[in-house]
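Reminder, nothing fancy here: chain letters follow the sequence lines and each chain counts from 1. Values below: every heavy atom of this structure, side chains too, minus hydrogens, waters and symmetry copies.
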There are 2 protein chains.
Amino acid sequence: MARWEPDAEGRLRDAAMALFTERGYDATTVGDIAERAGVTARTFFRYFADKREVLFAGSDDLERLMVTGLTAAPASAGPMQAVAAGLCASGEMFAGRRDFARRRQAVVAASPVLRERELIKMATLATALSDALRDRGVAAEVASLAAETGVAVFRVAFERWVTDPGGPDLAEVVRTTLADLADLTPG
Amino acid sequence: MARWEPDAEGRLRDAAMALFTERGYDATTVGDIAERAGVTARTFFRYFADKREVLFAGSDDLERLMVTGLTAAPASAGPMQAVAAGLCASGEMFAGRRDFARRRQAVVAASPVLRERELIKMATLATALSDALRDRGVAAEVASLAAETGVAVFRVAFERWVTDPGGPDLAEVVRTTLADLADLTPG
DNA sequence: AGGGTGATGTCACACCATGACATCACTGGG
DNA sequence: CCCAGTGATGTCATGGTGTGACATCACCCT
């Protein structure tokens, strides 16, 4: 028998989601989470830089996925089309996880400090997309504008996707939202 | 003679800006700020909800200004045009303060936790603009998209404005950035 | 003159986050 | 078979953050 149960990180994530859902983020201490996961608070901070980070484990993967999708877009695609390809690539990661995404979204939405963390993840994403565009030869100012706008679209699309249980998959919603934006901007 | 020097809040803001500039945000404690301002740490928290907030005093004014500008747009203006009017209204608040804005921007950019706070202020702004659009009869989904996009434009425009000391005023930069976006989205 | 008001101080406390060091199952070489 | 090294975890100590409860005292009003 192992000295410790395996996958402490996973247990900490599960415990955190459960407790945040039950009592809310503020009313949950790191000690509570660690206790439910069967470790000490000190161990929590070995896996997560701070209390919030426990809910944002997959964000690096999301970023990689989108950047890869953007980079894979055909050379003939314009900046916004390339960004669109990146955004749509995220669909893969969330397929079949709409329910989990909704529960997590509810927790984040209920806590200002978690919303802050979510926002900076989105901003980091925008920077990554902007850099990837520049690698394709897009001018810096155009790249950052396209990336920022793209992330704004993604936020709206994700919100739409998560609140419409029977609706189309995420990539489809992203495409629809982009079309809506195109209708909007000339006027 | 008064028992306490007047304008403790202003002194706290000044002390914070000075110390954050000198040693950085993380290396500055609330106690340091309070000491330089001639009050106790407990008093700091009576004026500001937390350590970050000391740098975000004017954000309520900014929001009010933009919402007023949006609401004042002619009824014939489309959603995006109304948002544009709101964004441009902010120019008034920053006129003649480009230098201060740049110094503040440098402090915020240097600290992840301050960037988080900045982002949530922008998100709050987007919500306020979206609500104002809905009051004009704009559909909810269109309103949020226009507001999110508008705030993305504002961020880019503010960045351009702050980094170009001799450039045109903020409202002008906002208009230019919006035009850039219009060029971008059809393609 | 006396009571109310409001800004501040003082004290106590829980939580967050991190450094330093100890513990002990597991692993691989001799 | 044993033993030194490794790595995940625990334990302890500490500094900073944020808040509640209550005391203080110049100022204002009547």
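Non-hydrogen atoms lying under 4.0 Å from DNA chain C are contributed by Thr28(A), Thr29(A), Val30(A), all within residues 15-35 of chain A. The stretch residues 43-56 of chain B comes close to DNA chain C through Thr43(B), Arg46(B), Tyr47(B), each having a heavy atom under 4.0 Å from the strand.
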Tabulate atom names and distances for all N/O pairs under 3.5 angstrom spanning the protein and nucleotides 2-4 of chain C.
none

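In terms of the ring pair (Phe, Tyr, Trp, His ring centres under 6.0 Å) criterion, Phe56(A) has no residue partners (sequence neighbours excluded). In this view, Asp164(B) satisfies the salt bridge (charged side-chain N to carboxylate O under 4.0 Å, His left out) rule with no residue, not counting sequence neighbours. Looking at residues two or more places apart in sequence or on another chain, you find a ring pair (Phe, Tyr, Trp, His ring centres under 6.0 Å) between Tyr25(A) and Phe20(A). For Phe48(B), the ring pair (Phe, Tyr, Trp, His ring centres under 6.0 Å) partners at least two apart in sequence or on another chain are Phe44(B). Here Arg102(A) pairs with Asp99(A) under the salt bridge (charged side-chain N to carboxylate O under 4.0 Å, His left out) rule; sequence neighbours left out. Residues satisfying the salt bridge (charged side-chain N to carboxylate O under 4.0 Å, His left out) test with Arg136(A), not counting sequence neighbours, are none. Residues that satisfy the side chain to side chain contact (heavy atoms under 4.5 Å, CB included) test with Glu159(A), not counting sequence neighbours, are Gln105(A), Thr163(A).
In this structure, Phe158(A) and Phe94(A) have perpendicular ring planes: the angle between them is above 60°, well past the 30° mark.
Here Ala41(B) lies out of heavy-atom contact (under 4.0 Å) with every strand.
Rounded to an integer number of Å, the gap from CD of Glu5(A) to P of dC24(C) is 18 Å. Across the protein-nucleic acid pair, Arg42(B) atom CZ and dG18(D) atom C1' stand 8 Å apart, rounded to whole Å. Between the CZ atom of Arg3(A) and the P atom of dT27(C) there is a distance of 14 Å, rounded to whole Å.
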Residues 171-178 of chain A, side-chain donor-acceptor partners within the protein, below 3.5 Å, at least two apart:
from, atom 1, to, atom 2, distance (Å)
Thr176(A), OG1, Glu172(A), O, 3.0
Thr177(A), OG1, Arg160(A), NH1, 3.4
Thr177(A), OG1, Val173(A), O, 2.8

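Residue pairs meeting the side chain to side chain donor-acceptor pair (under 3.5 Å) criterion with at least one partner in residues 12-21 of chain B, sequence neighbours excluded, are Glu9(B)-Arg13(B).
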